[in-house]
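Computed from heavy atoms alone, side chains included, the values below leave out hydrogens, waters and symmetry copies. Proteins get letters first, then strands, A, B, ... in listed order; numbering begins at 1 in each.
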Amino acid sequence: MQRPWADRPLGMRDIYPEEARRRRDLENHLLAYFERHGFAQVSSGALEYVDSLLRGRPSSQAAAWIQWFDMSGRAIALRPDMTPAIARMAAPAVGRGRIPIRWCYAERVYHRPADPALVTWSSGRPVEWTQVGVEWIGERGTDVDCSLLELCQGALASLALQGCQTVVGHAGFTPAFLEAAGIAPDEVKPLLDLLAEGDYVGFRTQAARAGADTDMLAALSRLDPFTGIRLVEALGGRWRMDAPGAAAAEAAWRELVSLAEALRRRGLEAAISFDLSLYRSLPYYTGIIFEVFAPGVGAPIGYGGRYDGLLAHYGADAPAVGFSFEAERLLTALGEGEG
Amino acid sequence: MLTIALAKGRTADDVLPLWRRAGIPVPADIDDSRALVFELAGTPFGDLRYLLAKPVDVPTYVQFGVADIGVVGKDILLEYDRDVYELLDLGTGYCKLCVAGRAVHKNTRPRRVATKYPRLADEYFRSQGADVEIVTLSGSIELAAVIGLTERIFDLVQSGATLRANGLVVFDEVLDVTARLIANRSSYRTKRAELERVVAALEAVLAGQEEEMRR
């Protein structure tokens, strides 16, 4: 069939007057909110070298990126998220001791087109979309993590978005806990991948095969740092303090309990819950990891976590934590985006 | 309210008895009505809404969050890679993904394969180190091997009756397939209590079945 109109590439979205203005308003609103809380906006080009993007990440991630070669023959890609660019930009300043760094951004990010039927903003996997987020480099501790979660909650509250739920896990706790439960170290990684994928049936089967004597998924889900109890009490007689991984799990648990106390002190416990079966597949996360959900949107409207190991890959070691909102999903949640 | 997506046809037939044993109310006319949406208010599990969809579409409804949970075969979950939580193996709808063909081709080098699972078929034959051409069809896959379009098929086999009726034999069993309970990522986090009630009721029935099998 002959078409009189010019084609729009697969996965790209055109945005018409009303919607474009709403998205700009949302970006501006969030950036202004972050700036009022001490985060300065930065920006970078949409292209990054692939070797730079791959620092601290497994090469399998690159399968989802839009890549080609520049004129000098180096592999480049459209950025899949802003964290590598921020780490690259911040590292020289960190090296000169200019910390903390508190930056925010609103940028388009890119993934290779998936199944055309799923190339949508609301719940699928778009090719181009917008992330508005913050990165906080050079500081760690309960207060910093708590303040970051408070910033995220505050931003949502400022949008008058009702009924949001933030679920917090811990990238250090979950693997240590599995190991302490008697699962061999080389079995832990595949189990974490199953958790990240959400294949809980596979997780239960594999965990049982790897030597777990109880339902590890239920055990992880049931642990609630808001109760403030000690790990050994939460797990009854089954917890052996001298098991490999037990010390690391204990340390992460204490971190989570003090975070829970801090969240309660700031009145944030209603919209934030813990689920230690929540796991995200990026290996550079070291502390809390979280996902933010809004009613009516099938996929998370925001993600975040602590990644104390990443900056070292860019030449200057420093702790860091950050999160980003998915602007188009937020628009859907606000009832103004695509239906 | 909890919205549940079920597959029309076989999956619904297999799944509804399980649902009834678990005490989860099912609309009386779901079996023979032509309607696609059924609502039940004020059940012990809260308000329930059932959607009847094509099997391959169940994970799509769930991924987009218009259904909170759904029941779908593992074959479809693997082929389409939807972003959902897989909560329970319901054990029903048991069948196998198999490579089959006419007996004369059992030991020949695979060249062309007909399937409605192009992705899984490709993965399987790559794992075998075989370079095959995959012909994607949407149903009656056996026909391709009978008529000689391809010398192998890669398809679900339940009883094997269709294969036998068409003079085909199984060359290799690739994967056991059962029905899975899946959940939307957001629903799993924001409607956890409602969802857990349904999961717990189903789990109790499944545990009881296992107990019986052991006796």
When you compare the side chains of B:R192 and A:S273, does any donor N or O come within less than 3.5 Å of an acceptor on the partner? no
Do you know which two heavy atoms are closest between B:S186 and A:A294, and how far apart they sit? OG-O, 3.8 Å
Side chain, backbone, both or neither: which part of A:A271 has a heavy atom under 4.5 Å from chain B? neither
Using non-hydrogen atoms and a 4.5 Å limit, figure out which bit of B:V84 sits close to chain A: side chain, backbone, both or neither. backbone
Is it true that atom CZ of A:R108 has more than 12 heavy atoms of other residues, nucleotides or ligands lying nearer than 6.0 Å? yes
Search all heavy atoms of B:E203 against all heavy atoms of A:R204 and return the closest pair with its distance. OE2-NH2, 3.9 Å
To the nearest 0.5 Å, tell me how far A:F293 CZ sits from B:Y188 OH. 11.0 Å
Grab the two heavy atoms, one from B:R185 and one from A:E197, that are nearest each other, plus how far apart they are. NH1-O, 3.7 Å
Please determine whether the number of non-hydrogen atoms from other residues, nucleotides or ligands lying under 6.0 Å from atom CZ of B:R20 exceeds 12. yes
For B:K74, is it the side chain, the backbone, both, or neither that has a heavy atom closer than 4.5 Å to a heavy atom of chain A? side chain
In this structure, are over 12 heavy atoms from other groups packed under 6.0 Å from B:D29 atom CG? yes
Is it the backbone or the side chain of A:L278 that comes under 4.5 Å from a heavy atom of chain B, or both, or neither? both
Largest heavy-atom contact set with chain A, pairs under 4.5 Å, which of B:V62, B:L87, B:T190: B:L87
Kindly give the heavy-atom pair with the smallest separation between B:N184 and A:G298, and that separation in Å. ND2-O, 3.0 Å
